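Here's the structure, in structure tokens; my notes come after.
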Amino acid sequence: AQKVTQAQTEISVVEKEDVTLDCVYETRDTTYYLFWYKQPPSGELVFLIRRNSFDEQNEISGRYSWNFQKSTSSFNFTITASQVVDSAVYFCALSEAQRGGSEKLVFGKGTKLTVNP
Amino acid sequence: EPEVTQTPSHQVTQMGQEVILRCVPISNHLYFYWYRQILGQKVEFLVSFYNNEISEKSEIFDDQFSVERPDGSNFTLKIRSTKLEDSAMYFCASSGQGGSPLHFGNGTRLTVT
């Protein structure tokens, strides 16, 4: 069965600090996708990134970067120079392709990040 | 950028009542989903829908739940007889061909009293 573990329940940092959110996953599939979503206090789920299991290249998007390591089944997310607006709950998720091409996401429990001024 | 739209944003209903949550997925998407998030907990898959039929459902999605795509634009989730434990944020999502990422709506907060 698929499983996503986000061991950090809550993290609190001061603005401009770098912060890494950990994500460890379990799956028996060889083809799968990994995601990060941001949930700000307003409640919506904001898509951040999707990475397939064959692409282990790290990705950087502005202050955000992701480190995918298949050897340790991890897909960690780093925010550089954090800002107050980064305060949110961040969810890591895993999907395997279902029949017909739809995707069923399995989410971790989320990490609540608080960035203090 | 096109987005998934959900209405209403907040629905309050009494236990035992039927409720319909509405969603307008992104127009050229083919796959539709409902997810649920009980307050303070993780997001859970309920059901996926493709080609006018359910492609997969979770054990949460029992006989009290149903989904429908009544026309070319709307996608609805019906709960026949709501229970207190159905109180949650319900997210609709859609995705396109070839494994494009899921895009979620802003959610409907359902409160059952």
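Please read all numbers here as calculations on a predicted model, not as lab measurements. Side-chain atoms are counted along with the backbone in the values below, which use heavy atoms only and exclude waters and symmetry mates. We name chains A, B, ... by the order of the sequence lines, and we start the count at 1 in each one.
If you measure heavy-atom distances from Q39(A) to chain B, the contacts under 4.5 Å come from the side chain alone. For Q37(B), the part lying under 4.5 angstrom from a heavy atom of chain A is the side chain only. At a 4.5 Å heavy-atom cutoff, F32(B) makes no contact with chain A through either its backbone or its side chain.
A salt bridge between E56(A) and K70(A) is absent, with no side-chain N of the basic residue lying under 4.0 Å from a carboxylate O of the acidic one. A salt bridge links R36(B) with E44(B): at least one charged nitrogen is closer than 4.0 Å to a carboxylate oxygen.
Comparing V43(B), L102(B), N51(B), N106(B) by heavy-atom pairs within less than 4.5 Å of chain A, the highest count is held by V43(B). Considering only heavy-atom pairs separated by less than 4.5 Å from chain B, the leading option among G110(A), S42(A), G108(A) is G108(A).
Ring centroid separation for the pair F77(A) and Y90(A) comes in under the 6.0 Å cut-off.
Both cation-pi conditions hold for R50(A) and Y33(A): the charged atom is under 6.0 angstrom from the six-membered ring centre and inside a 45 degree cone around its axis.
Closest non-hydrogen pair, L113(A) versus D86(A), comes out as CD2-O, 3.8 Å.
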